[in-house]
Amino acid sequence: MSPQITPISDTEQDLELAERILQPDGTRIANHDLDRYIADLSAEDIRALHRDMVVLRRIDAEGVALQRQGQLGLWAPCRGQEATQIGTARALLAQDFVFPSYRETGVIYARGAAPADFVRMWRGEEGAGHDPESLRVAPLQIIIGAQTLHAVGYALGIRHDGADEVAVTYFGDGATSQGDVNEAMIFASSYRAPVVFVCQNNHWAISEPVSVQSQYPIAGRAPGFGIPSMRVDGNDVLACVASMRWALEHARSGNGPAYIEAVTYRMGPHTTADDPTRYRSDDELEKWRGRDPIARVEAHLRALGELSDDQLAEAEAAADAMAREMRAECLGMVTRPPLAVFDGVYAEPHSGLERQRSEYAAYLASFDGEV
Amino acid sequence: MSPQITPISDTEQDLELAERILQPDGTRIANHDLDRYIADLSAEDIRALHRDMVVLRRIDAEGVALQRQGQLGLWAPCRGQEATQIGTARALLAQDFVFPSYRETGVIYARGAAPADFVRMWRGEEGAGHDPESLRVAPLQIIIGAQTLHAVGYALGIRHDGADEVAVTYFGDGATSQGDVNEAMIFASSYRAPVVFVCQNNHWAISEPVSVQSQYPIAGRAPGFGIPSMRVDGNDVLACVASMRWALEHARSGNGPAYIEAVTYRMGPHTTADDPTRYRSDDELEKWRGRDPIARVEAHLRALGELSDDQLAEAEAAADAMAREMRAECLGMVTRPPLAVFDGVYAEPHSGLERQRSEYAAYLASFDGEV
Amino acid sequence: MAQLTLGKALGAGLRQAMRDDDKVVLLGEDIGRLGGVFRITDGLLDEFGPTRVIDTPLAESGIVGTAVGLAFRGYRPVVEIQFDGFVYPAFDQIVAQVAKLHYRTQGRVRMPITIRIPWAGGIGAAEHHSESPEAYFVHTAGLRVIAVSNPEDAYRSLRQAVASDDPVIFFEPKRLYHHKGEVDLDTALADSPPMGLARVMRTGTDATLITYGAMVATALDAAEAAADEGVSLEVIDLRSLSPVDYDSVAASVRKTGRVVVAHEASREAGVAAEVIASVTERCFEYLEAAPLRVTGHDIPYPPAKLEKFHLPDLDRMLDAVDRVLDRPNSLTGADA
Amino acid sequence: MAQLTLGKALGAGLRQAMRDDDKVVLLGEDIGRLGGVFRITDGLLDEFGPTRVIDTPLAESGIVGTAVGLAFRGYRPVVEIQFDGFVYPAFDQIVAQVAKLHYRTQGRVRMPITIRIPWAGGIGAAEHHSESPEAYFVHTAGLRVIAVSNPEDAYRSLRQAVASDDPVIFFEPKRLYHHKGEVDLDTALADSPPMGLARVMRTGTDATLITYGAMVATALDAAEAAADEGVSLEVIDLRSLSPVDYDSVAASVRKTGRVVVAHEASREAGVAAEVIASVTERCFEYLEAAPLRVTGHDIPYPPAKLEKFHLPDLDRMLDAVDRVLDRPNSLTGADA
Ligand SMILES: Cc1ncc(C[n+]2csc(CCOP(=O)(O)OP(=O)(O)O)c2C)c(N)n1
Ligand SMILES: Cc1ncc(C[n+]2csc(CCOP(=O)(O)OP(=O)(O)O)c2C)c(N)n1
Ligand SMILES: [Mg+2]
Ligand SMILES: [Mg+2]
């Protein structure tokens, strides 16, 4: 008979069950499993992580603002998830390849996205905001969970190529209910594919609390599939770096997949189209405000005397500069001409579509005299 | 970090990890968890189980024979899985409802299928071989795993109705890889639905050994979803009865789903269209012949002095009678008339299909003069 | 009579259906507390409680598959798929189970499942939020397919869909959710015209413009514009895509002799192809010109900034009308 | 030239494709040791090993989804779906990912995936083993769809499909797997006619009979029978369903003025509707009668004992030919 399984009863317990290195007030505690993974991190490294998070929060705020001003069709804020995204993504090596969902602004930022990359898709200009090959990040994925299988297939290719790479996939707590995400674990396990699953449990799937998907720790599912997993405090950037390094090391050394559940919180609405006041309480939000991931690492650095006012100001300035560029790029975007709708459907000519294209060209041309 | 997970290394270990009450030689051993679930079973009850298995094996052999003789289009033999099917199905109450896959001949037999019910579908006469409502068994399901979700939905209905019933679903080891089967666990857990999952791990999915699907015990997956599970020796009919009673009790008492992995073996081909010599060894087959589920309970009863030659002969006679009836029903089946292809597509009239039906009727009528 | 938006009319239809029959249960993502991302189920959780308005885990195959199980138990599930582009994970359950179980069991097991799909484009949405997958379901035997274009139809035909013993795929044009119209809330279902009849929205004599969903409004605008040029268009709202009410359609075509079929969905093997093939079969001798299609291109739905070059609009409809009437048009390269 | 069955020709095509390009990998259920339930991949595991001939876990979405990932990495995956009826669990990955990723990335990410589907009925199989889902894929922009009818085409077009940088849904009529024919194994792909052209299988003057897959043989038999009655049929094998080679089709229709389109798939919004709508658009003034369809009924595929009343056969084709030629037929209620 399987051992007793106990559901998660409340948020406090929820977080107790997660690995941690920094307490919410910024004090560092010993973590037997994780410490060795960040033994090499200097204060400067931690400051860089902090700076990334500050910049990311600003990018996110700018995305929201641009949407409110009608410049973007939609934006999916990642406020509150900065430690998870920056921590895990900064642990990657350049050659690793990422399959994200739609909320991973911090991940594409860490992979080197240009300011325009953040807005191109949300503005409705193109299907993908960034160049997948140069960032080594697949396009943002909207179909919940679909990308997890892509990561596994990519990882299978890595294994066949004998390459020193890892495929990484990000997905939400809601996504864990999709068949695809479960099949991804099964295929990854069966193939011992070098892939790391990163579940961002931000407690909500639009209006559904995570308890609709699972009343048990999500990380607890992976071991049943033969995949070692870790449940980590997703608002602790050091724990995120460390656990991701553990997972990457595991996958890179030929041991097959690893799984991380980062326990964090979506501070904003699901997207700019959402009104979270309809379904969640101020209390809950307030509680999580007290666990802010940026404040935590800031307090840590401050306590170490490793974050001066000047350094903080520099980070803010970098954030402002990024936001300015993002805005300028966004406002300067030129929509492609009408016939561009036909571009890129096929790699090779398709007679049916060619005909439609020329008919539509003739149709457009018929207005030329008129206007 | 999750605890170490160890893969199953070989068949011996595979079986060691399963709950057992009868040893392969028929001796009964104490089982702390299970004994109480069969404390009430008399020798007569066990003899009835044995008889069921004997009859089932004969039904199965007759199915194969009828197919070989061109009377059936296909047959999916369950030889070797008699203890699993009879043991679990005999533990059900009349009001429970079963969602089987295609190999559950023993389950529909135990639910009271008439001789014709076994062949009607495989002969290609109708889409379903039996009446779902009177047997309280859904039609055999060919789409791998699809029925598991139906069971969960049904169980949700049971819960809403406040009924004292359990929904039960059967599926194979291969099926555990399907998204649907995993979603079924998730929905069942989320709704605390009174449903029992019975995975018949018969070691093969057509030509793929179970290790392609999982190198770890399949029952080990359920707890991650919050579902207690048991891995049972599927060739031990007493253990099957007992574990199923445990699972049903769990579900019936409002504790939500339970999961059983019955470790058994498909002694025959996947279907009559399959040639297993292409992919599996005589050695393996031989090993499993030594674990025959009928021989095991027979040895047990014999040792107790509870199975006389007469009783055995009576069981064989019942089996022969069943096979004769099955054959007679099969050979006597009358195919429905051509226009029956249009029957039952919709519950209410559909103008498009009505038109096609009358056009086809006119077409058929146009031959009337000719022949 | 009440003035309701299409969205509110749908909500009212669901409420009435749930009051009429306590076997009606709703399943979907975010349909409870939130009332659905389009607020169609707003207030229903409060009225009917969480056993009848069920927030599901995030898995469409799971939603439809459990609906099948509920139908086995005598329930009448109404599923909300959050957006058109998210129905595909449920495709197997819809095509292989929902559509076939009644046939598989020779009518012993009924599948009175309604699958509501907020549908189609024109709202500047992100990828996968503007799909027009109706042809997939029209091609699937065993399903009925409804597409609504106005609040009145929405209210009535949703109730009819829920009451139907057959599975119904129910398409709701999301760009019209906020459009208002008169809704008769009082007529009993039994006294309403049956689900599945097309409707002549405007009579005309020169050509028949056939469409459904949000394109009906565009077609009516086109007819208005055409009238200014002295062209009289008859506009038909199909309302039911399976079955199609070919009696009404054919009657119109016999009168006008010219046909244009419009939809947002892409063209190859789309619903317009079906309508044209069937109309040609039935009315060939009445046709004075080749029936034409005005559809989305055979491309994936484009990014929002380009969608207006994909969606049929008034001008594209009028150009097709000009072509079917042999007036100067884009292909003759004429008038400009 | 070699005499090969259609099944063997497909196997030879895969072997050649794998030799030509070591990025070609095969994925599917039972394709390794067993060589697939139809033995199409027989021997390939031995020649290419388990990293290129991959037995997958039993999950079609997983198979296609991992193929997408392999394509991201520069591989050229060839997926075997075990039977037509098992492609639906992969529908989302095919429609929302395989078909759209190239467009989504403006051509930066290629999806050179071939999805092989043993296809259609007539073999007395159990439910879900005789489906004709081609219209779903034809309607899906971003995919190419091929349907083969003979060993020669099978060998050549499978290699072309694998070599194509676009995703191809590749339909193999399973009832012809054991049919033999001449196969040219030597002509280089570069020297072969491009994938996507239709083929006139028999020339004729009275009517054009258009079909594909296993129905091609039936159509040729029908043409033979018609010839005995003095009716001259032109038979066209479409071979490619997306795109359809309308130049060839239209040329024939302009000559005969009469069209019958046949397929096993059900009728509503099927491929025949598409062909008829397009042909009517292009050749209206040449048409002397309404183009007709001979198809499976709009029913789920029936139980094996009844399938002969569902599948178009020679007689049903001839009846449609009689109708299109205005000869006595089942609807006129004539000759008998
Ligand atoms: C297949 C599919 N179904 C539904 C949706 C609609 N949808 C978009 S995001 C979302 C919630 C996702 O929650 P989660 O996985 O926790 O990710 P989060 O948004 O919290 O980052 C839903 C239901 C979708 N995009 N795809
Ligand atoms: C969705 C789907 N994919 C593939 C198949 C083909 N198929 C039929 S049985 C089978 C193997 C099933 O193995 P398992 O689940 O272990 O059940 P068993 O046959 O051993 O009882 C496969 C691949 C199918 N029926 N449905
Ligand atoms: Mg979430
Ligand atoms: Mg098995």
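Remember, predicted model here, so these are calculated numbers, not experimental data. Lettering follows sequence order; numbering is per chain, from 1.
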> With only heavy atoms counted, which part of B/Glu165 is less than 4.5 Å from chain C, the side chain, the backbone, both or neither?
Replying inline: side chain
> At a heavy-atom separation under 4.5 Å, does C/Asp245 approach chain B through its side chain, its backbone, both, or neither?
Replying inline: neither
>> Which residues in residues 96-115 of chain C have any heavy atom closer than 4.5 Å to a heavy atom of chain B?
In response: C/Ala96, C/Gln97, C/Leu101, C/His102, C/Tyr103, C/Arg104, C/Thr105, C/Gln106, C/Arg108, C/Val109, C/Arg110
> So which of C/Asp247, C/Leu143, C/Ile54 has the biggest tally of heavy-atom pairs under 4.5 Å with chain B?
Replying inline: C/Leu143
>> Less than 4.5 Å to any heavy atom of chain C: does that hold for the side chain of B/Val181, its backbone, both, or neither?
In response: neither
>> Testing the basics here: between C/Gln93 and B/Leu149, what is the closest heavy-atom pair and its distance to 0.1 Å?
In response: NE2-CD1, 3.7 Å
> Where on B/Ala138 is there a heavy atom nearer than 4.5 Å to chain C: the side chain, the backbone, both, or neither?
Replying inline: both
> What heavy-atom pair brings B/Tyr346 and C/Gly142 nearest, and what distance separates the two atoms?
Replying inline: OH-N, 3.1 Å
> Can you say whether C/Ser240 sits under 4.5 Å from chain B via the side chain, the backbone, both, or neither, judging by heavy atoms?
Replying inline: neither
> What part of B/Gln141 lies closer than 4.5 angstrom to a heavy atom of chain C: side chain, backbone, both or neither?
Replying inline: side chain
> If you tally heavy-atom pairs under 4.5 Å against chain C, which of B/Ala128, B/Ser190, B/Gly157 wins?
Replying inline: B/Gly157
> So what's closer than 4.5 Å to chain C heavy atoms on B/Arg336: side chain, backbone, both or neither?
Replying inline: side chain
> Do you know which of B/Asp161, B/Ile143, B/Ile142, B/Thr148 has the most heavy-atom pairs under 4.5 Å to chain C?
Replying inline: B/Asp161
> Are there residues of residues 350-358 of chain B that reach to under 4.5 Å of chain C by heavy atoms, and which ones?
Replying inline: B/His350, B/Ser351, B/Gly352, B/Arg355
> Is it the side chain or the backbone of B/Asp343 that comes within 4.5 Å of chain C heavy atoms, both, or neither?
Replying inline: backbone
>> If the contact rule is any heavy atom under 4.5 Å from chain B, which residues of residues 15-27 of chain C qualify, in numerical order?
In response: C/Lys23
> B/Tyr191 versus C/Thr56: any side-chain heavy-atom pair under 4.5 Å?
Replying inline: yes
>> Does C/Thr51 form a side-chain contact (heavy atoms from CB on, under 4.5 Å) with B/Leu156? I'd like the steps, not just the answer.
In response: CA-CA 9 Å; C/Thr51 58; B/Leu156 182 58; over 6 Å; no
>> Run the side-chain contact (heavy atoms from CB on, under 4.5 Å) test on B/Glu348 and C/Arg144 for me, step by step, so that the C-alpha distance in whole Å, both residues' side-chain angles and the decisive distance to 0.1 Å come before the verdict.
In response: CA-CA 10 Å; B/Glu348 298 165 7; C/Arg144 292 175 189 273; 3.7 Å; yes
> Given that the side chain runs from C-beta out, which part of B/Ala184 has a heavy atom under 4.5 Å from chain C: side chain, backbone, both or neither?
Replying inline: neither
>> I'd like to know if the side chain of C/Asp166 and the backbone of B/Ala347 have a donor-acceptor N/O pair within less than 3.5 Å.
In response: yes
> Between C/Ser278 and chain B, which part of the residue has a heavy atom less than 4.5 Å away: side chain, backbone, both or neither?
Replying inline: neither
>> Is B/Ile158 in contact with chain C via its backbone, its side chain, both, or neither, using a 4.5 Å heavy-atom distance?
In response: both
>> Only heavy atoms, only distances under 4.5 angstrom. Which residues in residues 58-74 of chain C are near chain B?
In response: C/Ala59, C/Ser61, C/Gly62, C/Ile63, C/Gly65, C/Thr66, C/Val68, C/Gly69, C/Leu70, C/Phe72, C/Arg73
> Under a 4.5 Å heavy-atom cut-off, does chain C meet the side chain of B/Asp131, its backbone, both or neither?
Replying inline: both
